[in-house]
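The next block holds one structure in the form of structure tokens; read it before the comments.
In what follows, chains carry the letters A, B, and so on, assigned in the order in which the sequence lines appear, proteins first and then strands, with residues in each chain numbered from 1.
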Amino acid sequence: MFALIDGHNFYVSCERLFRPSLIGVPVIVLSNNDGCAIARSEEAKRLGVTKGMPWFQIRKELGNAGIVALSANFSLYGDLSNRMMSVAAGLGPTQELYSIDESFIGLDGMPGDLTTRADHVRHRIRQWVGIPCGIGIGTTKTLAKLANHVAKAADRKPGSYPPELAHVCNLAAMSDDARRAVLAATPLDEIWGVGRRLSEQLRDAGLATALDVACMDPSVARSRWSVVFERTVRELQGISCIALDDAPAPRKEIASTRSFGHPVQTEHALAQAVTEFVSRGAEKLRRQESLAGRLMVFIHTSPFRRGEPQYSRSITVPLRRPTSDTGHRAAVHGLHLIFRPGLNFAKAGVHLVDLQPAGVLQTELDLDDDEGDRSSLMLAMDKINAKHGKKSVFIASAGTSERRREWEMRQDLRTPLYTTRLCDIPIANA
DNA sequence: TCTGGGGTCCTAGGACCC
DNA sequence: TCTGGGGTCCTAGGACCC
């Protein structure tokens, strides 16, 4: 038995916690670079702001609708997520942190009425952390996910589902008929694992609802589509195929990529950006105690600028030996091999791949090592940055603040780091 | 003028090697 | 006349998730 807890319009709820004046107002949170809407309040959704809608388009179409737009404040969301998840953990014996605003809870062996218990946890999160949540319960993760959707829709779209399913929806506690009715009222694209493409194909095949998928023959799902979809069908039938993952394996790949605030033409500016991406990736690498065996660099122009020449290339560079060194020059060398002058570059990034645990690396004789062992330097950097704030020390070739504006992203509308930076903590006046 | 970032998994073609 | 098969690596792209 599984529960899925999620925070409603999570980023918007985090912002409203510290600015109650935003309650009842259409609010959106923008992606990095203030590009497009990644979170929307209910009011903003009702105005017609769609998922991923570009900010310039929102302004053009809804400029005078009173929408408040904010730049993403991931330090704030991450901190509130930790608080929410630690309270959510009280629902059952095991927990999987699925995303910043969602968590699966394993409920096997829990005595008593799970619906009531879930409702208590929901209220506790609301009271202790301040984030409104919904909870879905089912015998498989896919059903718990679907139940979570029902809990949300029953509250917000009157008539979509029976109103008593709002906030907490326990599919496992329903009669077979009631559960079938819920599945029959759920459209294809609300099924976990069924995206835009697959739901199109399923519609063409004559299916319309989650109930239709649940009634499919799994072997047909497999032969006509894929093993992944077969698993989805079985999960909807109540056969658990996806286990709770409460101890996730270390990442297989670490990416650090950014769109630029302005088009970038020079190799010099790209090299600064790429250098910064490597340091960011290497920090994450050290945090999970891994080393990268290879590194991939890519650059590309903006696919949205139709009239302009397009260019997109990537290159994978093997590292002389696995490393998590912030200052690694391989990315800059790779960049040099794929760079072409005379283009407006819109985005670049670095993927660290072939990750392996740092512990098992055999030491070698450093007969021709040009960099030497810099692990203590990295340790010192991480400590300084942890104590004095991000980027207190950094690689100079990533550019100093004066000269990096050329590629740095726009983020003009960010709220303070209310909970993670001392000088940003709000002061309440008595 | 202005369109995110970070993941996983899968597929496919070409180069290269034996 | 008749021109293999299997493997790896690299690059590229698509589908899905949040």
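Not counting sequence neighbours, the partners of A:Ala44 by the side-chain contact (heavy atoms from CB on, under 4.5 Å) test are A:Pro26, A:Ile28, A:Arg40, A:Ser41, A:Val49. Evaluation of the salt bridge (Lys or Arg N to Asp or Glu O under 4.0 Å) rule for A:Arg222 yields A:Glu230 as partners, not counting sequence neighbours. Partners of A:Tyr98 according to the ring-ring contact (aromatic ring centres under 6.0 Å, His included) rule, which considers only residues two or more places apart in sequence or in another chain, are A:Phe104, A:Trp192. Under the ring-ring contact (aromatic ring centres under 6.0 Å, His included) criterion, A:His351 pairs with no residue at all, not counting sequence neighbours. Residues passing the ring-ring contact (aromatic ring centres under 6.0 Å, His included) test with A:Phe277: none are found, sequence neighbours excluded.
Looking at A:Arg280 and A:Arg258, their side chains come closer than 4.5 Å, going by heavy atoms from C-beta outward.
The side chain of A:Lys145 contributes an N or O atom lying less than 4.0 Å from OP1 or OP2 of C:dC18. Within the structure, a side-chain polar atom (N or O) of A:Thr257 is placed less than 4.0 Å from OP1 or OP2 of B:dG6. Taking side-chain N and O atoms only, A:Lys347 has no distance below 4.0 Å to OP1 or OP2 of B:dT3.
Using a 4.0 Å cut-off between a side-chain N of Lys or Arg and a carboxylate O of Asp or Glu, A:Glu190 and A:Lys157 do not qualify as a salt bridge.
Across residues 36-44 of chain A, not one residue has a non-hydrogen atom less than 4.0 Å from an atom of DNA chain C. Residues from residues 187-224 of chain A that place a heavy atom under 4.0 Å from any atom of DNA chain C, listed by number: A:Ile191, A:Trp192, A:Gly193, A:Val194, A:Gly195, A:Arg196, A:Arg197, A:Leu198. Less than 4.0 Å separates DNA chain C from no heavy atom of any residue of residues 61-92 of chain A.
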Please write out each protein N/O paired with an N/O of nucleotides 8-13 of chain C under 3.5 Å, distance rounded to 0.1 Å.
{"unit_1": "C:dC10", "atom_1": "OP2", "unit_2": "A:Arg294", "atom_2": "NH1", "d": "2.1"}
{"unit_1": "C:dT11", "atom_1": "OP2", "unit_2": "A:Thr316", "atom_2": "N", "d": "2.8"}
{"unit_1": "C:dT11", "atom_1": "OP2", "unit_2": "A:Thr316", "atom_2": "OG1", "d": "2.6"}
{"unit_1": "C:dA12", "atom_1": "OP2", "unit_2": "A:Ser314", "atom_2": "N", "d": "3.0"}
{"unit_1": "C:dA12", "atom_1": "OP2", "unit_2": "A:Ser314", "atom_2": "O", "d": "3.4"}
{"unit_1": "C:dA12", "atom_1": "OP2", "unit_2": "A:Ser314", "atom_2": "OG", "d": "2.6"}

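Contacts of A:Lys60 with the nucleic acid, taken as non-hydrogen atoms under 4.0 Å apart, are absent. Using a 4.0 Å heavy-atom distance criterion, A:Gln57 is classed as making no nucleic acid contact. Nucleic acid contact class of A:Asp34 (heavy atoms, under 4.0 Å, all strands): none. At a threshold of 4.0 angstrom between heavy atoms, the contacts of A:Ser256 are confined to the sugar-phosphate backbone, with no base atom among them.
Remark: P of B:dG4 and CD1 of A:Ile58 are 12 Å apart, rounded to the nearest angstrom. Following rounding to the nearest Å, A:Glu276 (CD) and B:dG5 (C1') show an atom-to-atom distance of 15 Å. The interatomic distance linking A:Ile100 (CD1) with B:dG4 (P) rounds to 19 Å, in whole Å.
Pairs of Watson-Crick or G-U wobble type, with distances under 3.5 Å, assemble into runs of 3 or more in DNA chain C at these ranges: B:5-18 with C:5-18.
Among residues at least two apart or in separate chains, side chain to side chain donor-acceptor pair (under 3.5 Å) pairs with a member in residues 69-79 of chain A are A:Glu15-A:Tyr77, A:Asp34-A:Ser71, A:Asn73-A:Thr415, A:Asp79-A:Arg83, A:Asp79-A:Thr419. Each side chain to side chain donor-acceptor pair (under 3.5 Å) pair with one or both residues in residues 58-67 of chain A, not counting sequence neighbours, appears once here: A:Gln57-A:Glu61.
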